[in-house]
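Read through the structure below, which is laid out as C-alpha cells, and then see the notes.
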Amino acid sequence: MIYTLIPLLPLLAFIINILFGRDYIRDKAHLIAVPAVAGSFLLSLVAFAGVLKGEVINVNVYSWIVSGDFNVSIGFLIDQLTAIMLMVVTSISTLIFIYSIGYMHGDKGYYRFFAYLSLFVFSMLILVMANNFLLLYFGWEAVGLCSYFLIGYWYEKKSAANAGKKAFIVNRFGDFGFGLGVILIFLTFGSLDYMTVFSGADSVLGQTINLFGYEVDTITLICLLLFCGAVGKSAQMPLHVWLPDAMEGPTPVSALIHAATMVTAGVFMVARSNPLFSLSATAMNTVAVVGGVTAIFAATIALVQKDIKRVIAYSTVSQLGYMFLALGVGAYSAGIFHLYTHAYFKALLFLGSGSVIHALHHAKHDDEQNMEKMGGLKKYMPVTYWVFIIATLSITGIPGLAGFFSKDEILWRAYLGGDLGKFLWFLGVAAAVLTAFYSWRLIYLTFHGSYRGDPEQEHHIHESPKVITVPLIILAVGAVAAGWVGIPPVILEHADRIGEFLAPVLGHPHGHGTHLEEWLVIAVSVAVAVIGWLVAMFMYIKKTDLPEKIASLFKPIYNLLFNKYWIDELYDKIFVQPVLKASDRIVLAFFDAKIIEGVVNGIPALIGGFSKKLRNVQTGFLSNYGLAMAIGALCIIGVFIFMR
Amino acid sequence: MVPLNWYIILSAIMFSIGVVGFLARRNLIIMFISIELMLNSVNISLVAYSHYLQSLRGQILVFFIITVAAAEAAIGLAIIIAFYKNNPTIKVDEINLLKG
C-alpha cells in the first residue's frame with residue numbers, strides 16, 4: 001500500500017541523517033529531511049482526497065505479534081479523523097522543517113536536529129494512522145522519546161537537560177495509566193483492534209470489575225485510564241508542569257511538538273476512542289471538568305509571565321483545556337476542529353516568537369526571551385509583527401478568523417450541556433477574557449512602545465531571512481482561513497463542512513438550542529475578546545505604569561500567579577525530594593554499596609584468593625615438575641594394574 | 001638365544017636409571033642425557049617384543065622414536081645454549097623464571 005510510505009519517508013530521513021549526518025551530511029541535513037516530509041505531505045493530500053471521495057482504508061501490512069489469542073498487526077486506518085490529523089501533522093511539519101533551515105543555521109548539531117525531527121514526524125504519523133491500540137501506544141511512546149531528545153537538544157545547558165528529564169518522567173505517570181488501560185482493553189475485549197473493540201463496546205456495557213474491593217464499571221475504568229495518558233501527553237492538570245519547561249528546546253520544536261502536534265495526541269486519542277467514552281458519563285464529565293479547569297487555570301498563569309515562550313506555552317495548555325472541554329461535552333468534532341485551527345495559529349505564534357528570539361540573538365541580546373527587555377520591535381520586524389497580529393486575532397476569537405469558529409463551536413456545545421455544561425461554558429468564557437488579555441499584552445510588550453534593552457543592540461535588530469518569514473506568511477493564511485470549513489449553521493447554512501466530514505467517525509453532537517441563544521453565546525465570546533483586548537491596550541499602551549501598581553497592590557495574588565501556584569515547588573517537596581532522599585539512603589547507600597558492589601567485588605576476591613593458593617604449585621623448579629610427572633605416571637600404571 | 005625376559009629387565013633397569021637421573025641430578029645436560037636413556041630403554045623393549053612376536057610394528061615405532069629423539073636433542077640443546085647466553089648457568093635450581 002502506497003500510504004505506508006507516509007510514515008516511512010520520515011523514518012528513512014531519520015536513518016540516513018543519524019547514520020551519515022555527523023561525518024558526511026552535516027549542514028546539508030535538510031536536503032534529506034525536507035523532501036521526505038514534503039513527500040509525506042503530498043501523499044497525505046492524496047489520502048485526504050481519497051477519504052473525501054468516501055474511501056476509508058483499513059489494512060494490516062505486517063503481522064507484528066502472534067502469541068496464542070494475542071494478535072497484533074502493524075496496520076493503518078485512514079478514515080476521516082486520521083485524514084484531518086495527517087493534513088495537520090504533515091503540513092505543519094513541512095513548514096517548520098523549512099523554517100528550521102533558517103533558524104538552526106550554523107548550529108553544530110544541525111544534522112541531529114533534523115534527524116530527531118524526522119523521527120518525531122514518523123512517530124506522530126504512526127500514532128495517528130494506527131489501527132490498533134498497541135501501535136497507537138508505540139507511536140505515543142515514540143513521540144514522547146523524541147520530545148525528550150529535542151527538549152534536551154542543547155544538552156550542555158543544565159536547564160535544558162533537566163527540562164527533558166522532567167517532560168519524560170511526568171509523561172511516564174500518565175503513560176502508566178494509559179498502558180494499564182490498553183491491557184484492560186485486551187482483557188475485556190480479547191483484541192486491541194479498533195474495529196473489534198469499538199463494535200464490541202456495547203456488549204460490555206454494565207459489566208463491572210473488582211478493584212480493591214469496589215465494583216467499578218469496566219468501561220469507565222478503561223476510559224479513565226486512557227484519559228490518564230491524555231492528561232500527561234496533552235499537559236492537563238495536574239500533569240501540566242512539563243510543558244512550560246519544555247520551552248527550553250529550540251523554538252521550531254516548541255512550535256511543532258509542544259504546540260501543534262504531539263500535545264494534541266491526547267485529544268486525538270480520546271476522539272478516536274469516542275465509542276468507549278460515549279458509554280461512560282463519569283469519564284466524560286471527568287474529561288470536561290479537567291479540560292475546563294485547566295483552560296482557566298493555565299490562562300491565569302499566562303497573565304503575568306515574562307518569558308515570551310512561556311506565555312505561549314501556558315496559552316497552549318489553556319487551549320488544550322478547551323479541546324478536552326469539547327470532547328467531554330460530547331462535541332468530538334468541535335474538539336478536533338479546534339485542534340486543527342489551533343495547530344495553525346499556535347505554530348504561527350511560536351514561530352513568530354522564534355523569529356523575535358532569532359533577531360535578538362543576532363543582536364547579542366543577553367536575555368533574549370524576556371519581554372520586559374523587548375519593546376518597539378514593530379518597526380524593525382514588520383512581517384513578524386503582522387503575522388503575530390493575525391495569530392492573536394485568531395486565538396482571541398475575533399469573528400472571521402480561524403480561532404473564532406472553533407472556539408465558538410466549543411463554547412456553544414458546552415452551553416448546551418446541561419448544568420455542568422453551563423458552568424464549563426462560564427469557565428470557558430472567563431478563560432477567553434484572559435486569553436485576549438495575555439495575548440495582546442505579549443504583542444504590546446514585544447512590539448509596541450520603545451526598546452527597553454541595551455541601546456547598543458537596537459540597530460542590530462532586523463527582520464529574519466525569507467526562509468523564516470515565508471513559512472510564517474503561509475501559516476498566517478492558515479490562521480485566517482482554516483476555520484472557514486466549519487462555519488456554524490446559524491451564520492451560514494450548510495457551511496459546517498468539517499462537522500459533516502467527521503460525522504461518520506465522531507457522530508453528531510447532541511443538544512439543540514434556539515438561534516437567539518446561539519447568537520447570544522457568539523456575542524458574549526466576541527464581547528469578552530474585545531474587552532480583554534481593550535484592557536490590555538489600556539494597561540500597556542495608555543497607562544504603562546498601571547501594571548506595576550496593580551502588581552504591588554495585589555502582591556499575594558501576583559506572586560501566586562507569577563510562581564505558577566507553586567505547583568512545581570509542591571511537587572518537588574512531595575515527590576522529587578522524597579524520591580531523591582530514598583534513592584540516596586536506601587538504593588545508593590544500601591543496595592548499591594552493599595549488595596551490588598558486594599557481589600561485584602566479592603566474586604573476584606574469592607577467585608583471587610583461591611588462585612593465590614593455587615599459584616604455589618608452580619614452583620618453577622624443573623625437578624618438581626619431573627617428580628609430579630613420575631608420580632602421575634605411577635598412578636596411571638597403578639590404575640591399570642589394580643583396577644582391572 | 002637370549003630370552004625375552006632379559007631384554008625386558010635390561011630395558012626396565014635403563015629406564016629406572018633414566019628416571020632417577022632426571023629427578024636427582026641438577027645439571028641440565030645430564031638431565032637431557034637421562035631423557036635419552038629413557039627413550040632408548042623403550043626402544044630396546046620395543047625391538048625385543050618385535051622379534052618375539054615376529055611383527056615389524058615395534059620396529060617401525062622405534063624409527064619414529066629415534067626421529068623424535070633427534071629432533072628433541074637438537075631443539076633442547078639449542079634452548080639450553082640460548083638460555084646460557086643470557087644466564088650463564090645450567091643448574092636447574094637456579095632456573096625458575098616460570099615460578100608462579
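Values in this document were obtained by computation on a predicted structure and should not be read as measured data. Throughout, a chain's letter reflects where its sequence line sits, starting with A, and its residues are numbered from 1.
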List the residues meeting ring pair (Phe, Tyr, Trp, His ring centres under 6.0 Å) with A:Phe168, not counting sequence neighbours, and say none if there are none. A:Tyr148
Could you list which of residues 18-31 of chain B have a heavy atom closer than 4.5 Å to any heavy atom of chain A, in residue-number order?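 At a heavy-atom separation under 4.5 Å, chain A is reached by B:Phe22, B:Leu23, B:Arg26, B:Leu28, B:Met31.
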Can you list the residues of residues 34-62 of chain B that sit under 4.5 Å from chain A, counting heavy atoms only?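 Checking residues 34-62 of chain B against chain A gives no residue, so none.
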With a sphere of 6.0 Å drawn around [atom1] of [X], does it hold more than 12 non-hydrogen atoms of other residues, nucleotides or ligands?
{"X": "A:Phe173", "atom1": "CZ", "result": "no"}
{"X": "B:Tyr7", "atom1": "OH", "result": "no"}
{"X": "A:Arg22", "atom1": "CZ", "result": "no"}
{"X": "A:Asp23", "atom1": "CG", "result": "yes"}
{"X": "A:Lys28", "atom1": "NZ", "result": "no"}

Going by side-chain hydrogen bond (donor to acceptor under 3.5 Å, both in side chains), name the pairs with one or both residues in residues 74-89 of chain B, residues two or more places apart or in two chains. B:Thr89-B:Glu94
